[in-house]
Structure formats: C-alpha cells, structure tokens
Amino acid sequence: MPTTLVNSIASWFLKKRFHQIELFLKYPNEVQNELLFNLIDTAKDTQMGRKYDFVSIQNYKTFTERVPVSTYEEYQDIIDRSRKGETNIFWPTPIKWFAKSSGTTNAKSKFIPVSMESLEDCHYAAGKDLLCMYLNNNENSQMFTGKSLRLGGSKELYRENGTVFGDLSAILIDNMPLWAEFSSTPSSKVSLMSDWEYKMQAIVDETINENVTSLTGVPSWMLVLLNNVLETTGKKNLFDIWPNLEVYFHGGVSFTPYKDQYKKILPQSNFKYYEIYNASEGFFAIQDQNNSSELLLMLDYGIFYEFIPMNAYGTPEQIVIPLSEVKINQNYAVIITTNAGLWRYKIGDTVRFTSISPYRIKVSGRTKHHINVFGEELIIENAEDALKKVCKKTNAEIVDYTAAPIFMKGKEKGAHEWIIEFKTAPNDIHYFNELFDNALKALNSDYEAKRYNNITLNKPTIHIARKHLFYDWLKKHNKLGGQHKVPRLSNTRDYIEDLLKLNV
C-alpha cells in the first residue's frame, strides 16, 4: 500500500478519534461519572448487581457506600467460579479469557477476567490511540510503511471448560484484529510459542529480513531479543538490520535501568521512545507527547478510577476519592471499576499526578514491597514464604535480609542480589541458594518464567551478612527503634550498595 494512502487513512482516523479525546480532556469528570453509571446499568442484573442493588444507585456516594473496595483474594472465589463456566456473576456477557499474572499473597498466579468489551473498548482502543498520538506528534512518520516487532507471551487452555488463560499479551495476539495482524511481526504462531528459548530464536529468524519500523514489548524481554538479533546477524546496532526503525513502545516495568543500553544499540538521537501503562486489569495511560515521561490518563476505555492517598493507606484514616479530588505530586493507590466486572478493585499500583488539566500521571510504584525490574513482580510475601520453607529444610535461622536487582549489562543477564544475616547459618549456602531459587519459582509464576533457562534472570546471588550488619546500618542512618524497618525488597540498588560497604 503506498505511503501517502496509508498516511491519509491514518490522518482521517486520527482526526475522528481526537474529537472524542478532546471530549474527556475538556469534561473529564463528567465523562467518568457517565461511564460509571453505564457500567452499573450494564451489570444491574448480574449476581453482584442484585447483591448491591445496582438499580437503586443514583449517585457516586451511594456507590461507595454499597460496593466495598476489594483485592484479588476477595475476588478469587467468584473468578474461579467464572473460570469453571458460571456466567453473569460480576459481568453480564460471558468471560472466555483470563489474563494470568503473579503477585498475590495466597496464590501462585492471578487470573484476571477479560471480557469482549474490555478487549475491544479498552485494550485494542488503546493500541489505536497510541498510534494516533504518535502520528499526531510525528507527522513525517513512515511507521506504516513497515511492520511492528511485537514481543508477547504464551497461552494455555483451561481444558475442563474451554476458557482460555495466559499472558495478557498472548490473549491480545490471539484475538488481534486484521489491521494489527497485517502490520505486525512475527506471526501469531511464533508469538504464541510456549518455549521461550525456541521462541526467541524463531522470532529472530522470522524478523531479521522484515522492514521493522517499530518495536513493542517489555524492556527486559525486548533487550534479550534485540541482543540475540545482533548476535545472530553479527551487526553492531539495530539500524544496520532495520534502517527504518523509528520508535519503541514500551511498558510493564521501569525503563530507567535499560535506557542507556537501548541507546547503545539504537544510536540515533531522533529515535523515539513512547511509554504506556497497562496491566492485566486494563489499559490506563499513554504517553501523548514526544520526549516526555508523563502519561495521559485515558478516561473513556470503560474504566472508572478512584484513588487512595498513600499517606493514609492501610490506616484507620484511609479514604477513597474520585478523580475530581486528586492533587498534583501526591502518591495514590489506584482503584478501578471496569467493563470486565472488576468493581472497586485494588490493582496494587501507585501513581503520582503531574497535571490535572489534563490528567497526566507517572507510575510511582507498588503498594507493597517488590522487585519488578524484569517483569518478575517479586513481592515480600513470596520472599518471606520462600525463606521460611528453605530455613526449615536447612535448619537455618534468619535475623534480617534485603534484596535488590542486578541490572543487565550488555549481554549479561540480570539477577537478584540478597544480603542475609543468619542467627544460625546453613551448612551449605550454595544448597540454600538452590532451594531458595526453586521455592521462589514455585511461589511466583512470573519469576519462574524469567528464570527459565536463565533467559532473563540468572540464579540469585546471596551474601552472608556479618553479625549486627543491619543494626549498624539502621544506627548509621539514625533509624533505630520506632517504626523504622530494614527495606526488604527494592527496585533500586541504593540500600544494598550501602549495606555491602558496611559488610566488612
């Protein structure tokens, strides 16, 4: 298809969609309020709708008084019923797909419902909007003259009832509209391969001769793939392989640790990076400006937003507020109500608003301690459970510990680095490490996937701390007593580097 025709079609769609975007930019709170009551009306005859008498809810205040804020643990039973084929529990249309992810305290994996409405009106709508915003900011783009290299997950069938579960990316690829399938590489067959080792090489083989103009995927996984591309071709940078490459759309984990490495293999100053904020539960925000780390909160995807100020999170003073009451530069936990039947659901993320006209955000972290540099979403409950099991097997006792990522460097894989102070040390720290690694794999499917054949993560590194290391560290920082605690898991190396210096 000629470039001028492609750009003309894209321009027409762009103008049409921007009229709708301007509506929620101008009337954000009105759009959100209307959306909420559309969701309530749609689900009024579901089991949940009847339980909370959705028919009689006339305002936001009544909605908050009737419907409780929920976590995955509180949703798990009805999601399990839905996975077994029961319908009309929390959403009226049948739920066929479930996005599998980790991060819960009581289960190895979460299974997030994905409705047809959320596929079409949220995830796929966001994909089109992302292209619209990019093209609006880069009128001379030639992106549609080539293909987008996408890097997704794999899927499995829940065979007892025909429902499908797998990575959200795999669900999206499996149901991809023709326009997206035509403009993407590798093929869906290769994209949905379950063995990552074979899949990586298959993607390399299938894409190196394509005219790739954009990249889409999680930074950690994408970096592994791109280094494999360079190794296979013997080239020094990606422009030697794909000379028309112009943009990388990324999300899922923080891009900061990877930015310098990408610049080395993409050494052109005009190459663009566009960030997105999405999750299994929905697609939330899109970078709408060149060279910006701020993300525009998308308000018409069938998701109603509420927020908990983090300064009171988990305390008796905790409050839940609508979008209209947020303030700039404060951290908030995100609560969502969605067109897949999640009602006032805590997704576990925290955001900070950089602007309220329009509503722009930065993802600031998680509501719990975690390491999520490589998409492994390791939370403190995983660490505590794994350490407890391994200590029992090795007759070890732990005083304190902390962990941080070892970031990728060139072709070197990432890893987790731990400092553990033992009251009673194990006889063999290498055996302890092996058991610990396996325990984490058993508890967390995302960690297990990243550790598979050392594709992204190598085995953990464990340092035995000297006696009183953590006490001395707290004392050094004037944090003895009170509510001060040793930071268990961190996405940065600030704490661990300081502790390593003291561990002599």
Side-chain angles (χ1 to χ4, degrees), residues 39 43 46-48 51-52 64 67-84 86 89-91 95-115 118-119 122-123 153 156 158 163-171 252-253 277-284 302-308 310 313-314 318 320 332-351 363 365-372 375-386 440 442-449 489:
L39 293 173
T46 62
Q47 291 180 35
M48 188 171 286
K51 178 180 179 180
Y52 296 118
T64 63
V67 184
V69 172
S70 300
T71 62
Y72 182 79
E73 288 73 24
E74 291 159 320
Y75 249 86
Q76 189 169 356
D77 286 345
I78 58 175
I79 286 176
D80 287 345
R81 285 163 51 196
S82 181
R83 287 185 63 213
K84 292 173 182 176
E86 189 174 343
I89 304 173
F90 43 79
W91 192 246
I95 305 291
K96 180 182 177 182
W97 303 284
F98 294 85
K100 180 183 176 183
S101 65
S102 291
T104 71
T105 57
N106 299 323
K108 183 178 177 180
S109 297
K110 295 188 293 185
F111 294 90
I112 303 300
V114 180
S115 66
S118 64
L119 271 182
C122 182
H123 294 291
E156 302 173 63
Y158 187 63
T163 57
V164 177
F165 70 87
D167 292 349
L168 173 67
S169 58
I171 293 173
V253 298
Y277 172 32
N278 69 332
S280 300
E281 295 86 352
F283 206 119
F284 311 126
I303 299 174
F304 178 76
Y305 293 97
E306 297 175 273
F307 303 90
I308 301 175
M310 284 302 292
Y313 184 86
Q318 174 179 297
V320 181
Y332 296 97
V334 182
I335 309 295
I336 59 172
T337 293
T338 78
N339 53 3
L342 296 176
W343 297 91
R344 306 197 80 201
Y345 179 88
K346 289 183 183 180
I347 61 173
D349 289 339
T350 61
V351 300
V363 181
R366 296 282 290 174
T367 55
K368 298 178 181 180
H369 294 281
H370 72 298
I371 302 178
N372 192 33
E376 69 275 47
E377 194 45 57
L378 184 69
I379 59 174
I380 194 167
E381 286 85 357
N382 298 153
E384 299 280 13
D385 288 347
L440 289 175
L443 288 163
N444 184 317
S445 59
D446 284 339
Y447 176 87
E448 182 181 36
L489 305 179

- prompt: Quick one: does F307's side chain get under 4.5 Å of V334's, heavy atoms only?
  reply: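 SC-SC contact between F307 and V334 confirmed.
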query: Quick one: are T338 and W91 in side-chain contact, heavy atoms under 4.5 Å?
result: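 With C-beta onward as the side chain, the pair stays apart.
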Would you check if the side chain of [X] reaches a backbone N or O of [Y] as a donor-acceptor pair within less than 3.5 Å?
X: N278; Y: G282; value: no
X: S70; Y: Y75; value: no
X: D349; Y: V363; value: no
X: Y72; Y: Y345; value: no

message: Applying the side-chain contact (heavy atoms from CB on, under 4.5 Å) criterion to K110, which one of E73, Q76, E377, E281 satisfies it?
response: E281
query: Applying the side-chain contact (heavy atoms from CB on, under 4.5 Å) test to I78, which of Q47, R83, E86, M48 qualifies?
result: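 So the option named by the test is M48.
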- request: Using only heavy-atom distances, determine whether the side chains of E448 and S445 contain a donor-acceptor pair under 3.5 Å.
  value: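 Note: E448 and S445 side chains miss the donor-acceptor criterion.
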What's the shortest heavy-atom distance between [X] and [Y], and which atoms?
X: E376; Y: D446; result: O-CB, 3.5 Å
X: K346; Y: I335; result: CG-CD1, 3.4 Å
X: F283; Y: I303; result: O-CD1, 3.7 Å
X: L443; Y: A386; result: CD1-N, 3.6 Å
X: V114; Y: L119; result: CG1-CG, 3.8 Å
X: A340; Y: P113; result: CB-O, 3.5 Å

At what distance, to the nearest 0.5 angstrom, does [atom1] of [X] lie from [atom2] of [Y]?
X: I171; Y: K100; atom1: CD1; atom2: NZ; result: 11.5 Å
X: I112; Y: F98; atom1: CD1; atom2: CZ; result: 10.0 Å
X: I371; Y: L489; atom1: CD1; atom2: CG; result: 5.0 Å
X: L440; Y: N382; atom1: CG; atom2: CG; result: 7.0 Å
X: I79; Y: R81; atom1: CD1; atom2: CZ; result: 11.5 Å

message: Using a strict threshold of under 4.0 Å (side-chain N to carboxylate O), is an ion pair present between R344 and E74?
response: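 R344 and E74: not salt-bridged.
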